[in-house]
Amino acid sequence: MLKIAPYFSNKLIAWYLQNKRELPWRNTANPYHIWLSEIMLQQTRVLQGLPYYLKFVEAYPKIEDLANAPEDEVLKLWQGLGYYSRARNLHATAKMVSEEMKGAFPNNYKDLLKLKGVGDYTASAIASISFNQPEAVVDGNVYRVLSRFFGISTPINTTAGQKEFKKLAQRLIDKDQPGTFNQAIMEFGARFCVPQNPDCGNCIFNDSCVAFQQRKVSQLPMKIKSKTVKIRFFNYLVFLSENERTILQQRNGKGIWHKLYEFPLIETSEEINLSMLKKLPQFQDFSKKLNIENISLFNEKPVVHKLSHQHLNTRFWIVETSEASESTIPISEVKNYAVPVLIENFVSEFFENY
DNA sequence: AACTCGGGGAG
DNA sequence: CTCCCAGAGTT
């Protein structure tokens, strides 16, 4: 316990009780609901995750309902939220808890940590909020608040930084109300001690915040810059048969969008034209099997779909065929498949009048 | 220790 | 444009 801990905690929690948002997962200690919200909010803003939380709670009132759902259905509900391994791990953990643990959710940090998709942050969040255990969370908000208040310049995206801030948070946590403390420091970071231009003049800690006293608020927290993004070139083959069928494929193996669906994809090392497309072996595999009548380019100017670590330079080729072959689906059923936002945007634009 | 994995909001 | 969000898993 640090000498400053009671001061920090009391002031923080007082602020929280006056300023907290009313959120659906704040009116319960149900570990299923807390777990669900914490998985969804990993690297995701509250306002982005909120509608998904409401959808999931309605579709799956109990963890057994989630466990019994098909994986494709879970992915479809998750569509648009990103980081789809969260959805797959969520489903796997629901089955694990429902079937092998007979529905009894793990009730302590150590056992929670064993669950797929549950790391240090999420295990601490569930342990403190649902089971009142003094396990301190360290998320992006906590890094920011603590690095500023204590004037710590250790980079947060290093092993040393993670250990240092975890230890500090653990020494600060209010052991009588750990869940409230954890939510308070995160809410304070999200709503007041914000990344850009925080209102330090009106901050409850501006007489004790080291960064504010030393005018280093804008420099904290420190972070090691990540490398530059990779640029990729995607060519989607949007097959259209005369009886209104097309082809979707499920992504498997490693990489982005694992287990989501998309049109047949040919990735190239640069932008290509129609004659280059026709010469590609991947394309010829299709032209051998299908009677292709016409090919047109939907978007001359590539759609640049930006992910945090890669830019997808994407063009959609409309490939009209005379007849339906095997492995096609009715165009009207495309909307039932979980697809990346990149595909969803194209589908809603192209098939709008279809 | 470094890399990978989405999408969107804010300035 | 840049930064970052109630991080975790893999290499």
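In the text below, chain A, chain B and the rest are named by the order of the sequence lines, each starting its count at 1.
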Candidate pair A:Glu300 and A:Arg315, rule salt bridge (Lys or Arg N to Asp or Glu O under 4.0 Å), full reasoning | CA-CA 7 Å; A:Glu300 182 70 32; A:Arg315 295 164 97 186; 3.4 Å; yes
Pairwise ring pair (Phe, Tyr, Trp, His ring centres under 6.0 Å) hits with a residue in residues 87-128 of chain A, at least two apart = A:Trp35-A:Phe105
Ranking A:Gly119 and A:Lys223 by the position along DNA chain C of their nearest nucleotide, the one closer to 5' is A:Lys223
With no hydrogens and no angle check, do the side chains of A:Asn89 and A:Arg86 hold a donor and an acceptor under 3.5 Å apart?
-> no
Reckon A:Lys254 has a side-chain N or O less than 4.0 Å from the OP1 or OP2 of C:dT11?
-> yes
Using the P atom as the reference point in each nucleotide, state the distance between B:dG8 and C:dA8 in Å, no decimals.
-> 22 Å
A:Gln196 has an atom CD; how far is it from atom P of C:dC3, in whole Å?
-> 9 Å
Is a side-chain donor-acceptor pair under 3.5 Å present for A:Glu58 with A:Tyr53?
-> no
Please work out which residues in residues 299-317 of chain A have a non-hydrogen atom less than 4.0 Å from an atom of DNA chain C and list them by number.
-> A:Lys306
Rounded distance (Å) that lies between atom C1' of C:dC4 and atom NZ of A:Lys225 | 15 Å
Over how many whole Å does the gap from A:Tyr121 atom OH to C:dC5 atom P extend?
-> 12 Å
To the nearest Å, give me how far apart CG (A:Asn197) and P (C:dT2) are.
-> 18 Å
Going 5' to 3' on DNA chain B, which nucleotide is the first and which the last to come under 4.0 Å of a heavy atom in chain A?
-> B:dA1 to B:dG9
Look at all strands and tell whether A:Val118 reaches a base, only sugar-phosphate, or nothing, counting heavy atoms closer than 4.0 Å.
-> sugar-phosphate
Here the residues of residues 40-55 of chain A within 4.0 Å heavy-atom distance, strictly under, of DNA chain C are A:Leu41, A:Gln42, A:Gln43, A:Thr44, A:Arg45, A:Val46
Residue mapping more 5' on DNA chain C - nearest nucleotide basis, A:Lys116 or A:Pro195 = A:Pro195
With a 4.0 Å cut-off on heavy atoms, is A:Thr122 in touch with a base, just the backbone sugar-phosphate, or nothing at all?
-> sugar-phosphate
If you measure only the distance, is there a donor-acceptor pair under 3.5 Å linking the side chains of A:Thr44 and A:Tyr83?
-> no
Value in whole Å for how far the P atom of C:dA8 lies from CG of A:Leu113 | 9 Å
Would you say the side-chain atoms of A:Thr28 and A:Asn30 include a donor-acceptor pair closer than 3.5 Å?
-> no
Determine the Euclidean distance between corresponding C1' atoms of B:dG6 and C:dC3; express it in Å to zero decimal places.
-> 15 Å
Reported CE-to-CH2 distance for the pair A:Met40 and A:Trp25, which is rounded to 0.5 angstrom = 9.0 Å
Side-chain H-bond candidate by donor/acceptor type, A:Lys166 with A:Ser124, under 3.5 Å = yes
Quick one: label A:Asp120 by what it contacts on the DNA or RNA (base, sugar-phosphate, nothing), any heavy atom closer than 4.0 Å.
-> sugar-phosphate
Return the 5'-most residue of the pair A:Trp257, A:Asn157 with respect to DNA chain B, ranking by each residue's nearest nucleotide.
-> A:Asn157
Please tell me if the side chains of A:Val118 and A:Thr93 come closer than 4.5 Å, counting only heavy atoms from C-beta onward.
-> no
A:Asn273 versus A:Lys278: any side-chain heavy-atom pair under 4.5 Å?
-> no
How would you label the contact of A:Gly255 with the nucleic acid (heavy atoms, under 4.0 Å): base, sugar-phosphate, or nothing?
-> sugar-phosphate
With heavy atoms under 4.0 Å as the rule, sort A:Trp78 into base, sugar-phosphate or nothing.
-> nothing
Can you tell which of A:Phe165, A:Tyr143, A:Phe8 makes a ring pair (Phe, Tyr, Trp, His ring centres under 6.0 Å) with A:Phe149?
-> A:Phe8
Here the distance between atom P of C:dA6 and atom CD of A:Gln162, to the nearest Å, is 17 Å
For atom CG of A:Leu81 and atom P of C:dA6, their distance in whole Å | 13 Å
Any luck finding a side-chain donor-acceptor pair between A:Gln177 and A:Asp174 under 3.5 Å?
-> yes
Can you find a side-chain donor-acceptor pair between A:Thr122 and A:Gln42 that sits under 3.5 Å?
-> yes
Pairwise C1' distance for C:dC4 and B:dC5, with rounding to whole Å = 15 Å
Ring pair (Phe, Tyr, Trp, His ring centres under 6.0 Å) contacts touching residues 263-296 of chain A (sequence neighbours left out) = A:Phe239-A:Phe286, A:Phe263-A:Phe346
Distance, rounded to the nearest Å, where A:Arg191 contributes CZ and C:dC5 contributes C1' | 15 Å
Please list, by residue number, the residues of residues 138-156 of chain A whose heavy atoms come closer than 4.0 Å to an atom of DNA chain C; answer none if no residue qualifies.
-> A:Asp139, A:Gly140, A:Asn141, A:Arg144
Modelled atom types, side-chain donor and acceptor of A:Glu344 and A:Gln79, under 3.5 Å = yes
